[in-house]
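Each remark here refers to the structure printed beneath this line.
All heavy atoms count here, side chains included; hydrogens, waters and symmetry mates do not.
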Amino acid sequence: VGMGLCVDLGVLYLEQHRLDDAEKLFDRLAKVPDVPTYRTLGRLGGAIVLALRDKAPESNKAFQGIIANDSLLADIAKHAKEDKQVDPEFRKMWTNGPFRFWLAQAINFNLRNGVLEKDVPAQVLKWRQPREPKS
């Protein structure tokens, strides 16, 4: 329940452009020591907030760090290749349409604000597009 509520609250703050509140929430989540899904949500949310504040280089650097250092995202990519189940808590974030919308918006904002596509990790570029439903 907690992960779903955190995602919903973060999305609400983003939709209402309450970036200070969103930043505080995502910063707290990024520092949760024993829950990797909260840390991943917090780090991604922080990168989104930076993009919405027109801090494209900082946002892109945050995305680069997430891709390079987030073990949960690395596990998700590995599991997808192996066709294994994704952590249900992670799924609450990753399949949340409004959260994915803001993630895509952040990446597009960064590109419009001077970040070169070649400087964006390939995995992050994939997040610009809506996911295709599996049949």
Answer yes or no: is there a side-chain heavy-atom contact under 4.5 Å between [X] and [Y]?
{"X": "W127", "Y": "L44", "result": "yes"}
{"X": "L19", "Y": "L14", "result": "yes"}
{"X": "R128", "Y": "L103", "result": "no"}
{"X": "F109", "Y": "V115", "result": "no"}
{"X": "F101", "Y": "V11", "result": "no"}
{"X": "T37", "Y": "M93", "result": "no"}

- Query: For E23 and L50, what are the C-alpha separation, side-chain angles and deciding distance, and is it a side chain to side chain contact (heavy atoms under 4.5 Å, CB included)?
  - Reply: CA-CA 9 Å; E23 181 178 38; L50 288 169; 5.7 Å; no
- Could K61 and E58 be called an ion pair, given the rule that one side-chain N must be under 4.0 Å from one carboxylate O?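 Salt bridge between K61 and E58, a charged N being under 4.0 Å from a carboxylate O: no.
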- State whether K92 and D8 are salt-bridged, where the test is any N-O pair (Lys NZ or Arg NE/NH1/NH2 against Asp/Glu carboxylate O) under 4.0 Å.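 No, K92 and D8 are not salt-bridged.
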- Query: Side chains of N110 and N60: do they bring a donor and an acceptor to under 3.5 Å?
  - Reply: no
Approximate separation, where rounding is to 0.5 Å, of [X] [atom1] and [Y] [atom2]:
{"X": "F90", "Y": "M3", "atom1": "CZ", "atom2": "CE", "value": "7.5 Å"}
{"X": "L41", "Y": "I48", "atom1": "CG", "atom2": "CD1", "value": "8.0 Å"}
{"X": "Q105", "Y": "N108", "atom1": "CD", "atom2": "CG", "value": "6.5 Å"}

- Backbone N or O of G4 within a donor-acceptor pair of the E89 side chain at under 3.5 Å?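 It does not hold such a pair.
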- Message: Could you check whether any side-chain N or O of R100 sits under 3.5 Å from a backbone N or O of T95, counting only pairs where one atom can act as donor and the other as acceptor?
- Response: no
- Item | Smallest separation among heavy atoms of A47 and S59, with atom names |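 Nearest heavy atoms, A47 then S59: O-OG, 2.7 Å.
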- Query: Between C6 and L29, which heavy-atom pair has the shortest distance, and what is it?
  - Reply: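 Minimum heavy-atom contact is SG-CD2, 3.8 Å.
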- Determine which pairs satisfy salt bridge (charged side-chain N to carboxylate O under 4.0 Å, His left out) with at least one residue from residues 36-47, sequence neighbours left out, and list them in order. R43-D70
- Residues in side-chain contact (heavy atoms from CB on, under 4.5 Å) contact with D21, at least two apart in sequence or another chain: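 Checked D21 against side-chain contact (heavy atoms from CB on, under 4.5 Å); matches are Y13, R18.
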